[in-house]
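Below is one structure; the comments refer to it alone.
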Amino acid sequence: MSRILVLTNSSGGLYDFRNEFVQAMLAEHEVYVSMPDDVKEKELTAEGCRIIKTAINRRGINPLEDLKLHRAYCGLMKELRPDLVVTYTIKPNIYGGFAAARRKIPYIATITGLGGAFDRTGILLKVIVTMYRAGLRKAACVFFQNEENRGIFQRLGITAKKTRMVMGSGVNLDRHRYEEYPDGDETHFLYVGRVMKERGILEYIEAARALHSEKVFFDIMGYCDEDYQDMLDALEQEGIVRQIGFHTEVHPYLAAAGAIVVASFHEGMSNALIEGAATGRPVIASNISGCLEAFEEGKTGFGFTPGHADELIRAMQKFLALSVDARAAMGRRGREKMEREFDRKFVTEEYMDEVKQLLGQK
């Protein structure tokens, strides 16, 4: 059996969005997972993964911490001598790429989104681009989740031996099964994601201030990643929003919602949108790459320009003007789109095809 090392910055992200790929690798190979937390350690261990804890500061820019991460990855690869390395998200991609290239181990990276990193200018942008170039230039394959991200990398000279496109992480259509649309005359908008400026939380709050009523509710599911907690608490006391908090099992909350809202400025491919659509819920989404692929304007949801609360409000007003039957039909069309285009089985097949090529199984 070949030995595969997976580098990730979140056990929850690996298990929730990529576990089918992990299981496919486990069927034929030894799989080691380097991760910073124990959120899904029990589940991954039960499946047969061998877990290694590696500390990662996901959002910090501290050269000493990042050097420690690089050294940790080098040590892991020296000890385990994997036949293949698989990486997700920026720091594992870059520092894991450095380590794998140094030891001449083939590696696969995935660009799950660019966030605000490429909106920067000056020396910081140059540093980010330089590090990505070095981290990915010897990658056997880099997977992208939307064409815009791949185009940005190409224009900046961030290249690998090969690239492939997948529809995000795909969606597990059994886990996120279709649910009948909620009865009644109440409407619950559900914001799903980290509470951050670049996720559009301020625009969502402005929409909540404008549109909340006795029958229109604004729910927030996700943890505060920036300093908005006091503001959210005050808004909740006023009855403008309701905080659901972070949950590892989101399906019941998607099913209870009338529409899923993703107001992000950047996405690789929005898991919230495709999971919501798979559940049969219409979506209100940013008109950006990583969201546009997941809905059809006026058919499965409504779009708006991120950062523009007035457009978000108008999109929500369009939705509120629909009958319950029209909303349910929109949700059914969204589910059908997920079945045609976003089944996670398709994504897993793409990754396993690359794994088999690199390990000489084809």
Side-chain angles (χ1 to χ4, degrees), residues 4 6-26 31-49 51 53-54 56 58-59 86-93 108-113 115 143 145 166-179 190-196 199 220-223 225 244-257 260 262 264 267-281 283 290-291 294 335 338 342-352:
I4 299 174
V6 179
L7 308 179
T8 183
N9 72 355
S10 164
S11 67
L14 182 69
Y15 186 81
D16 291 339
F17 305 128
R18 303 170 184 102
N19 193 49
E20 291 81 357
F21 176 39
V22 171
Q23 290 177 328
M25 290 188 288
L26 281 166
V31 177
Y32 291 76
V33 178
S34 167
M35 60 192 201
D37 61 79
D38 59 3
V39 172
K40 293 294 182 180
E41 180 176 6
K42 181 179 179 180
E43 290 85 348
L44 290 166
T45 300
E47 290 178 347
C49 295
I51 306 300
K53 295 292 182 59
T54 308
I56 300 177
R58 294 173 58 179
R59 293 180 59 80
V86 177
T87 69
Y88 293 96
T89 69
I90 181 168
K91 291 192 177 183
N93 284 344
I108 296 170
T110 297
I111 306 302
T112 55
F143 281 86
Q145 298 187 343
V166 288
M167 297 302 280
S169 300
V171 61
N172 185 316
L173 294 171
D174 296 322
R175 182 178 181 185
H176 294 286
R177 60 192 177 278
Y178 175 79
E179 304 278 2
L190 177 62
Y191 170 105
V192 182
R194 290 177 290 166
V195 177
M196 299 170 59
R199 294 288 183 179
I220 298 172
M221 184 167 62
Y223 56 86
D225 217 8
I244 296 174
F246 173 75
H247 293 271
T248 57
E249 183 50 63
V250 303
H251 184 78
Y253 299 96
L254 299 176
I260 309 305
V262 173
S264 298
E267 289 284 353
M269 183 65 68
S270 172
N271 289 303
L273 286 187
I274 62 178
E275 289 174 354
T279 307
R281 297 299 169 265
V283 301
C291 290
R335 171 69 186 195
M338 295 304 105
F342 285 85
D343 190 331
R344 189 168 291 166
K345 293 176 183 178
F346 304 153
V347 177
T348 299
E349 288 170 2
E350 291 285 335
Y351 274 93
M352 285 306 298

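In this chain, numbering begins with 1 at the start of the sequence shown.
Smallest separation of non-hydrogen atoms from C291 and S270: SG-CB, 4.2 Å. In plain terms, the two heavy atoms of F17 and S169 that are nearest each other are O-CB, 3.4 Å.
Listed by chain and number, the residues in a side chain to side chain contact (heavy atoms under 4.5 Å, CB included) with D343 are L173, K345, F346 (sequence neighbours excluded). Applying the side chain to side chain contact (heavy atoms under 4.5 Å, CB included) criterion to E350, with sequence neighbours excluded, gives F143, R164, V166. With sequence neighbours excluded, the residues forming a side chain to side chain contact (heavy atoms under 4.5 Å, CB included) with Y223 are R58, R194, D225, F246, listed by chain and number. Looking at residues two or more places apart in sequence or on another chain, you find a side chain to side chain donor-acceptor pair (under 3.5 Å) between Y32 and R50. Contacts of A277 classified as side chain to side chain contact (heavy atoms under 4.5 Å, CB included), with partners at least two apart in sequence or in another chain: M338. Listed by chain and number, the residues in a side chain to side chain donor-acceptor pair (under 3.5 Å) with S11 are D37 (sequence neighbours excluded).
The CD atom of E20 sits 8.5 Å away from the CZ atom of R175 when rounded to the nearest 0.5 Å. Q23 CD to C49 SG: the interatomic distance, rounded to the nearest 0.5 Å, is 9.0 Å. Interatomic distance, D174 CG to R344 CZ, rounded to the nearest 0.5 Å: 11.0 Å. Atom CD1 of residue I260 and atom CG of residue L190 lie 4.5 Å apart, to the nearest 0.5 angstrom. Here the CD1-OG1 distance, from I90 to T112, works out to 9.0 Å after rounding to the nearest 0.5 Å. Rounding to the nearest 0.5 Å gives a distance of 8.5 Å between CE of M167 and CD1 of I274.
When side chains are defined from C-beta on, Y191 does not count as touching M221, because their heavy atoms never get closer than 4.5 Å. A 4.5 Å side-chain heavy-atom check between S34 and I51 finds every atom pair outside the cut-off. Within the 4.5 Å cutoff, the side chain of T8 has heavy atoms near those of the V33 side chain.
A donor-acceptor pair under 3.5 Å links the side-chain atoms of R281 to the main chain of A255, judged by distance alone. R177 contributes no side-chain N or O that, together with a main-chain N or O of T279, makes up a donor-acceptor pair within less than 3.5 Å. Within the 3.5 Å criterion, the main-chain N or O of A278 finds a donor-acceptor partner in the side chain of R335. In this structure, N93 contributes its side chain and T110 its backbone to a donor-acceptor pair below 3.5 Å.
For the ring pair (Phe, Tyr, Trp, His ring centres under 6.0 Å) with F21, the qualifying choice from Y88, Y15, Y351 is Y351, the only one to do so. Paired with E275 under the rule side-chain contact (heavy atoms from CB on, under 4.5 Å), one option of D16, L254, N172, V192 passes, and it is L254.
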What do the steps show when you test K40 against M35 for side chain to side chain contact (heavy atoms under 4.5 Å, CB included), and what is the final call? CA-CA 10 Å; K40 293 294 182 180; M35 60 192 201; 6.0 Å; no

